[in-house]
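Notes follow once the structure below has been shown.
Any value given below was found using the heavy atoms of this structure, including those in side chains, with hydrogens, waters and symmetry copies removed. Throughout, a chain's letter reflects where its sequence line sits, starting with A, and its residues are numbered from 1.
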Amino acid sequence: MIEAKCVACKGPGMSSLRVLVALGVLLGITACSSRPPPRLAVELTARATAKAGVVSLVVSDRARAKRLRAIYLEVVSLSRELDRARVTARAQCANALEPRTPTASPADPIASGALGCSIAPPLTDRAALDRYARLMLEARTLLTQREFDKLARMR
Amino acid sequence: MLWVALATAIMLLSGELSREADDGALLAVLIAALRNATIHEVPDTARRAVALRALTTFEAGLTAYRRQLVTFRACIAAADSKYGAIQADYDACSGPLVSERASLRASLVTAQSEYETAVTETERTRVAQAVLALPEAKLLDSARAGQAKSALPTRSRGIEGVVSERHLTLPRNVVSVVYGPLTSPTFGARFPSRIIDGGASYAHLGQGLADETGVPPDLWNLRGGAAVGMFDDFEAGALFMPLQLGPKFHYDPVLIFFTQQVRFRGFDLGLRASFQTPGTTGWGIDPGLMLSVPGQRLAVRVGVFAPMEVGTLRQKIAPIVGINAPLRMTWNLLPSVFLSVESGVAYDHLAKKGEFEVPLGFGTGYSLLAGSKLIDINASFTWDHWLLPAPEQGSAQVQWEAYRIAFGASLYFQAL
């Protein structure tokens with residue numbers, strides 16, 4: 001009777017412990033699992049937004065801080081442009097190939113050129129990248145080495 | 001580690017990780033599917049071997065493309081982290097890409113021709129059908145149509161530094177270790193039996209109020225917890241370390257909160273549901289609405305909450321329902337230093353007459369960047385029962401003797 005009581009008492013406790021352990025293991029596996037590399041646009045956005053929110057705490061001069069913040073936010077819109085440019089490049093590449101293979105079904109991933117163009121799209125995002133470089137160089141002119149290092153530590 | 005795991009799990013379950021990822025993994029799945037379909041649909045051994053060789057070229061091309069991207073991203077990241085970087089550093093990143101991409105394209109066009117020669121049109125149609133049935137094939141549709149919705153977030157995911165500029169909820173993947181007063185989750189957390197704020201606090205009640213409420217005249221508390229921005233405008237968290245240090249040490253009820261915010265141009269609306277684990281008056285529930293107007297220097301936040309304590313299933317009580325409408329104005333003297341004034345109206349027990357009160361409080365804080373983390377060091381002084389405009393007996397009175405002092409620090413960091 002006592003043993004039966006003990007089992008009854010331990011039952012729910014043990015099962016909730018198991019659930020907790022399972023949850024912990026699951027979270028551990030998730031944390032350690034390799035994540036797919038992010039797109040360049042996502043990476044640039046993450047770096048810029050990590051700095052945009054705290055730039056006023058690093059740069060005491062309000063005018064400089066305001067311009068720097070505007071620069072970092074411009075990187076976000078630039079990243080959207082990069083995404084668009086990537087997709088447009090693929091479409092243009094696929095469309096350019098179509099006349100060369102008139103018998104190919106537009107749904108055929110290889111003959112339509114969609115696969116090849118997705119793997120190696122032409123570089124049409126140079127303008128956006130050049131603008132990114134210009135913005136980053138302008139940011140340096142507004143920052144001292146110490147301020148730059150502090151912001152760089154954010155991400 | 002826990003926060004990284006939690007943020008990763010949420011990103012994984014919500015599909016955010018795959019939306020943010022480059023297309024390499026999807027393309028690899030498509031090529032693998034093409035390979036399988038080709039093996040099944042092309043019976044002729046010689047033609048099949050040629051087709052598979054062409055697919056191997058596609059695979060090698062994909063590997064080369066992904067390597068190019070990794071190198072390019074690393075190069076840009078290196079230039080970004082160098083103070084002395086010049087235009088040439090950025091040009092050096094994209095320079096090699098042009099020739100590499102051109103040669104990759106040429107090899108893929110050759111592979112495409114080889115594949116088309118080796119596989120008949122009927123076989124290609126069947127292969128295409130098998131591949132296009134996969135969800136990953138949407139990528140090819142967007143490649144053809146030139147349309148893709150940018151998966152970039154609508155809200156910045158960086159830490160919000162200046163206190164007056166902060167929104168009602170934390171940005172996604174930002175974690176806050178709450179161990180100080182004046183934070184967003186404890187704004188208006190005034191239950192009928194206790195007022196909750198983070199950090200270390202000392203509350204002094206006048207003997208009269210102590211006798212009336214049954215709360216000890218001198219109360220020492222230590223409350224800490226965490227909050228996390230789970231989605232762009234949704235935050236959840238708990239003050240899971242709620243200790244009463246004096247006059248008697250015990251573990252207070254845990255406060256759990258969920259806030260959903262809607263951002264408008266210039267203001268935010270938030271809906272918060274807070275719960276308190278059972279205390280002497282049972283479960284506490286505190287649903288409410290908040291309106292916040294953030295600004296560069298000045299922020300105003302108001303809320304309307306209906307806190308109630310409803311007993312438990314075993315210990316039934318008549319629900320104690322109150323209403324609380326806090327107001328907080330925050331003024332950033334400097335981006336890193338702020339002052340705040342708090343007031344509003346509170347009616348802790350609607351069933352009792354004369355409980356209508358106006359609190360008055362002041363706060364200050366300093367925001368400090370430490371590496372990639374932000375620390376807010378805050379302190380507050382509040383008369384929680386400052387003005388009684390219509391007490392049950394007598395005329396309006398001001399109570400200076402009941403006050404609360406709280407101080408502490410809260411830490412903010414990006415989990416991912």
Side-chain angles (χ1 to χ4, degrees), chain A residues 27-28 30-31 35-43 45-47 49-54 56-58 76 79-80 83-84 87-88 90-92 94 101 103 105-120 122-123 126 129 133 136-137 140 145 148-150 152-155, chain B residues 1-2 4-6 8-9 12 17 20-23 25 27 30 34 58 61-62 65 70 73 80-81 83 87 90 94 97-98 101 104-105 108-109 112 115-116 121 124-125 128 131-132 139-140 142-146 148 150 152 156-162 335-336 367 369 371-372 374 414:
Chain A
L27 278 176
T30 312
R35 276 176 277 147
R39 295 193 313 279
L40 177 67
V42 172
E43 208 169 282
T45 300
R47 271 209 293 276
T49 54
K51 295 176 177 79
V54 296
S56 307
L57 297 179
V58 176
V76 178
S79 300
R80 290 204 171 88
D83 265 350
R84 274 196 296 271
V87 176
T88 310
R90 283 178 177 173
Q92 283 171 351
T101 53
T103 55
S105 150
D108 185 337
I110 293 186
S112 68
L115 184 67
C117 291
S118 295
I119 292 176
L123 287 166
R126 280 300 293 268
L129 286 171
M136 290 299 100
L137 294 175
R140 282 167 177 81
Q145 168 96 54
F148 179 88
D149 291 341
K150 262 189 141 177
R153 276 198 289 270
M154 291 307 294
R155 200 172 184 113
Chain B
M1 183 74 170
L2 168 75
V4 173
L6 188 66
T8 308
L12 202 67
L17 270 189
E20 286 191 350
D22 71 18
D23 302 326
L27 289 168
L30 289 173
L34 275 167
F58 275 102
L62 179 60
Y65 170 61
V70 169
R73 276 200 306 262
D80 278 352
S81 63
Y83 182 64
Q87 181 69 45
Y90 287 97
S94 44
L97 266 187
V98 182
R101 192 64 63 84
L104 185 56
R105 278 243 19 93
L108 291 182
V109 168
Q112 182 180 329
Y115 187 87
E116 283 177 61
E121 207 175 321
R124 281 210 310 269
T125 307
V131 174
L132 295 176
L139 175 72
L140 300 175
S142 73
R144 276 189 290 266
S150 179
L152 291 173
S156 163
R157 292 188 181 164
I159 296 169
E160 292 170 338
V162 181
S336 56
S367 305
L369 260 190
S372 61
L374 176 75
Q414 277 185 283

Checklist entry - Judged by atom type as modelled, is there a donor-acceptor pair below 3.5 Å linking the side chain of R105(B) to the main-chain atoms of G116(A)? => result yes
Next on the checklist: Counting only non-hydrogen atoms closer than 4.5 Å, does S94(B) touch chain A with its backbone (N, CA, C, O), its side chain (CB onward), both, or neither?
Outcome noted: both
Checklist entry - Is it true that a side-chain atom of R157(B) and a backbone atom of T45(A) form a donor plus acceptor pair closer than 3.5 Å? => result no
Checklist entry - When heavy-atom pairs shorter than 4.5 Å are enumerated against chain B, which of Q145(A), R126(A), K150(A), R155(A) gives the highest number? => result Q145(A)
Item to check | Part of L115(A) lying under 4.5 Å from any heavy atom of chain B | outcome: both
Item to check | Which of V131(B), L30(B), L34(B), L374(B) touches chain A most, by non-hydrogen pairs under 4.5 Å | outcome: L34(B)
Item to check | Region of E43(A) that comes under 4.5 Å of a non-hydrogen atom in chain B | outcome: side chain
Checklist entry - Which region of V98(B), side chain (C-beta onward) or backbone (N, CA, C, O), has a non-hydrogen atom less than 4.5 Å from a non-hydrogen atom of chain A, or is it both or neither? => result both
Next on the checklist: Is L137(A) close to chain B through its backbone or its side chain, or both, or neither, when contacts mean heavy atoms under 4.5 Å?
Outcome noted: side chain
Checklist outcome for this item: dist M154(A):CE -> R47(A):CZ (nearest 0.5 Å) comes out at 14.0 Å
Checklist entry - Where the side chain of R153(A) meets the backbone of G371(B), is there a donor-acceptor pair that is under 3.5 Å apart? => result no
Checklist outcome for this item: Cut-off 4.5 Å, heavy atoms of chain A, and the answer for F58(B) is both
Checklist entry - Are D80(B) and K51(A) close enough for a salt bridge, meaning some N to O gap below 4.0 Å? => result no
Next on the checklist: Suppose we screen for salt bridge (Lys or Arg N to Asp or Glu O under 4.0 Å). Which residues come up paired with E160(B), at least two apart in sequence or across chains?
Outcome noted: R155(B)
Next on the checklist: Can you list everything that forms a side chain to side chain donor-acceptor pair (under 3.5 Å) with T49(A)? Sequence neighbours excluded, please.
Outcome noted: none
Checklist entry - Heavy-atom distance under 4.5 Å to chain B: side chain of A52(A), backbone, both or neither? => result neither
